Structure formats: structure tokens, C-alpha cells
Amino acid sequence: MAKNYFYITLLLGFFFTLSVSAQDGKQNSKIQETTVIEGLSLYPNPVSNGKVYITSKNDLDKNIIIFDVLGKKVLQTTMSSKELNISNLSPGVYIIKIDEAESTATRKLIVK
């Protein structure tokens with residue numbers, strides 16, 4: 001009887017170790033997928049003139065998505081210059097997501 005408990009415990013330990021290592025592998029791959037944009041600069045912040053400037057070290061085309069605090073998408077565009085016109089946004093706090101090549105960054109944007 002004790003022999004059966006030993007084998008059951010050994011088998012359960014093996015499956016537990018296997019499932020934990022599989023979960024660790026998934027978490028590591030998500031961490032490796034996200035990279036930051038080198039030299040990213042977002043100014044002025046807070047914005048009062050309806051224009052925000054976004055620059056980076058590589059200065060490639062950027063896909064921009066702006067969300068309000070409730071998570072609703074309020075603006076989506078692709079920009080090749082440094083200037084983004086946000087004059088149609090109401091004063092408030094927003095989240096801006098910037099994608100450049102394989103890199104992504106998220107920042108808080110305040111519009112006055």
C-alpha cells in the first residue's frame with residue numbers, strides 16, 4: 001500500500017513540475033515580445049496648444065492610438081513627422097500608445 005502512495009506522489013510531482021515549467025515559458029515569451037522605443041520623447045505634456053511632438057532615436061513611422069481613461073479609442077493615426085495634431089481632443093487625461101517598428105511604448109497624456 002505504501003508503495004502505491006509513493007508512485008502516485010512521484011507521478012503527481014512530475015506533472016506539477018511539468019505544468020509549472022510550461023507556465024514559466026509562456027510568461028518569459030511575453031516579456032521578450034515587448035521592447036521599448038529608444039530615445040522616445042513626448043512633449044509638451046501637458047498639452048495646451050493642440051499639438052504634441054513625438055520623437056525617437058530611429059525616427060521611423062509611428063502608429064499612434066490614444067485612449068480616454070475609460071479605455072475608449074479616441075484617435076488612431078500613423079505619423080511620419082514629429083508633430084501630432086490633437087486639437088479635437090477635449091481637456092482631460094489620456095493614454096497614448098506608440099508603435100514604432102517592433103517596439104511599443106505607452107504614456108500618459110494630459111490635454112489642457
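Every value quoted in this text rests on a predicted model; they were computed, and no experiment measured them. Throughout, numbering of the chain's residues begins at 1 and tracks the sequence.
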Could you tell me whether the side chain of V111 reaches within less than 4.5 Å of the side chain of I86, counting heavy atoms only? yes
Do we see a donor-acceptor contact under 3.5 Å between the side chains of S56 and N58? no
What's the spacing between I98 CD1 and T104 OG1 if we round to 0.5 Å? 10.0 Å
Tabulate below the donor-acceptor pairs under 3.5 Å that side-chain atoms of residues 63-74 make, not counting sequence neighbours, or state none.
unit_1: N63; atom_1: OD1; unit_2: T78; atom_2: OG1; d: 2.8
unit_1: D68; atom_1: OD1; unit_2: L70; atom_2: N; d: 3.0
unit_1: D68; atom_1: OD1; unit_2: G71; atom_2: N; d: 3.1
unit_1: D68; atom_1: OD1; unit_2: K72; atom_2: N; d: 2.8
unit_1: K73; atom_1: NZ; unit_2: Q76; atom_2: OE1; d: 3.0

Got a donor-acceptor contact below 3.5 angstrom from the E83 side chain to the Y53 backbone? no
Taking K112 for its side chain and I110 for its backbone only, find out whether a donor-acceptor pair lies under 3.5 Å. no
With rounding to the nearest 0.5 angstrom, report the CD1 to NZ distance, I95 to K97. 12.5 Å
Return the minimal non-hydrogen interatomic distance between P44 and V52, and the atom names on each side. O-CG2, 4.0 Å
Any side-chain heavy atom of I54 sitting closer than 4.5 Å to one from K62? yes
May I have the step-by-step check of side chain to side chain contact (heavy atoms under 4.5 Å, CB included) for L109 and V47, ending in yes or no? CA-CA 8 Å; L109 179 66; V47 180; 3.8 Å; yes
Of all the heavy-atom pairs spanning I37 and S103, show the shortest one and how long it is. CG1-CB, 3.6 Å
For the atom pair OG (S41) and NZ (K82), what is the distance rounded to the nearest 0.5 Å? 10.0 Å
Please lay out, stage by stage, how K51 and L84 fare under the test side chain to side chain contact (heavy atoms under 4.5 Å, CB included). CA-CA 6 Å; K51 294 180 184 175; L84 177 64; over 6 Å; no
At what distance, to the nearest 0.5 angstrom, does CD1 of I96 lie from CG of N45? 9.0 Å
Euclidean distance, L60 CG relative to E100 CD, rounded to 0.5 Å: 4.5 Å
